[in-house]
Amino acid sequence: QVQLVESGGGLVQAGGSLRLSCAASGRTFSRYAMGWFRQAPGKEREFVAAINWSNSNTYYADSVKGRFTISRDNAKNLVYLQMNSLKPEDTAVYYCAAGTYSGSYYLTNSRGYDYWGQGTPVTVSS
């Protein structure tokens, strides 16, 4: 069982930056792949970024590639999403997720994750 708690969301102007954090409970955090998803009002949840358990592979949605960076600290049970050059279309609730699958097919799909946080809202003003 893994519990996830996101933090770091807020209001930022377009072009600004935010860093989201996700704190995970449990001693087996390092065995899980971690992902970030987001859901804008009236839209379906979409994949943002993912990182495998060993920190060796990362995956990004085309819409955030080059602007967002996912990283993890297995010693501290934390995963981060550094978001730069934010755009109004990045406005959404951002969710952290944990799963035991590997490979891009599973890590870029919400069905590849077993545990979810409650989400943290990000609003980017124009």
Practice prompt. Starting from Leu11, walk the hydrophobic network (Ile, Leu, Val, Met, Phe, Trp, Tyr; side-chain heavy atoms closer than 4.5 Å) and list everyone else you reach, by chain and number.
Written response: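 Joined to Leu11, directly or through intermediates: none.
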Worksheet item: Which hydrophobic side chains are connected to Tyr106, either touching it within the sub-4.5 Å cutoff or through other members that do?
Response: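 Noted: Tyr106 shares its cluster with Tyr101, Tyr105.
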Please report the interatomic distance [atom1]([X]) to [atom2]([Y]), rounded to the nearest 0.5 Å.
X     : Y      : atom1 : atom2 : result
Thr69 : Tyr80  : OG1   : OH    : 14.0 Å
Asn84 : Arg19  : CG    : CZ    : 11.5 Å
Leu18 : Thr120 : CG    : OG1   : 9.0 Å
Tyr94 : Cys22  : OH    : SG    : 15.0 Å
Cys96 : Ile70  : SG    : CD1   : 8.0 Å

Treating Ile, Leu, Val, Met, Phe, Trp and Tyr as nodes and any side-chain heavy-atom pair under 4.5 angstrom as an edge, say whether [X] and [Y] lie in one connected cluster.
X     : Y      : answer
Val64 : Tyr95  : no
Met34 : Tyr115 : yes
Ile51 : Phe29  : yes

Could you tell me whether a side-chain N or O of [X] sits under 3.5 Å from a main-chain N or O of [Y], the two making a donor and an acceptor?
X      : Y      : answer
Tyr113 : Leu107 : yes
Ser25  : Gln3   : yes
Glu6   : Gly119 : yes
Asn77  : Ala24  : yes

Worksheet item: By side-chain contact (heavy atoms from CB on, under 4.5 Å), which residues pair with Asn109, not counting sequence neighbours?
Response: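 So Asn109 forms a side-chain contact (heavy atoms from CB on, under 4.5 Å) with Arg111.
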Worksheet item: Got a sec, which residues hit side-chain contact (heavy atoms from CB on, under 4.5 Å) with Ser54, two or more places apart in sequence or on another chain?
Response: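 By the side-chain contact (heavy atoms from CB on, under 4.5 Å) rule, Ser54 matches Asn52, Ser56.
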Worksheet item: Are any non-hydrogen side-chain atoms of Leu20 and Val122 less than 4.5 angstrom apart?
Response: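 Heavy-atom side-chain distance check passes, below 4.5 Å.
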Discussion item. Within the 4.5 Å heavy-atom criterion, are Met83 and Trp36 side-chain neighbours or not?
Written reply: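 When only atoms from C-beta onward are counted, Trp36 and Met83 do not touch, as no gap falls below 4.5 Å.
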Worksheet entry | Pair listing, ring pair (Phe, Tyr, Trp, His ring centres under 6.0 Å) test, anchored in residues 44-73, at least two apart |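 Residue pairs with at least one partner in residues 44-73: Phe37-Phe47.
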Give the table of side-chain donor-acceptor pairs shorter than 3.5 Å for residues 85-93, with sequence neighbours excluded, one pair per line with atom names and distance.
| residue | atom | partner | partner atom | Å |
| --- | --- | --- | --- | --- |
| Asp90 | OD1 | Arg38 | NH1 | 2.9 |
| Asp90 | OD1 | Arg67 | NH2 | 3.0 |
| Asp90 | OD2 | Arg67 | NH1 | 2.8 |
| Asp90 | OD2 | Arg67 | NH2 | 3.4 |
| Asp90 | OD2 | Lys87 | N | 2.8 |
| Thr91 | OG1 | Pro88 | O | 2.9 |
| Thr91 | OG1 | Val124 | N | 2.9 |
| Thr91 | OG1 | Val124 | O | 3.4 |

Worksheet item: Looking at Tyr32, is Arg72 sitting on its ring face, NZ or CZ under 6.0 Å from the six-membered ring centre and within 45 degrees of the normal?
Response: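 The answer is no, since Arg72 fails at least one limit relative to Tyr32.
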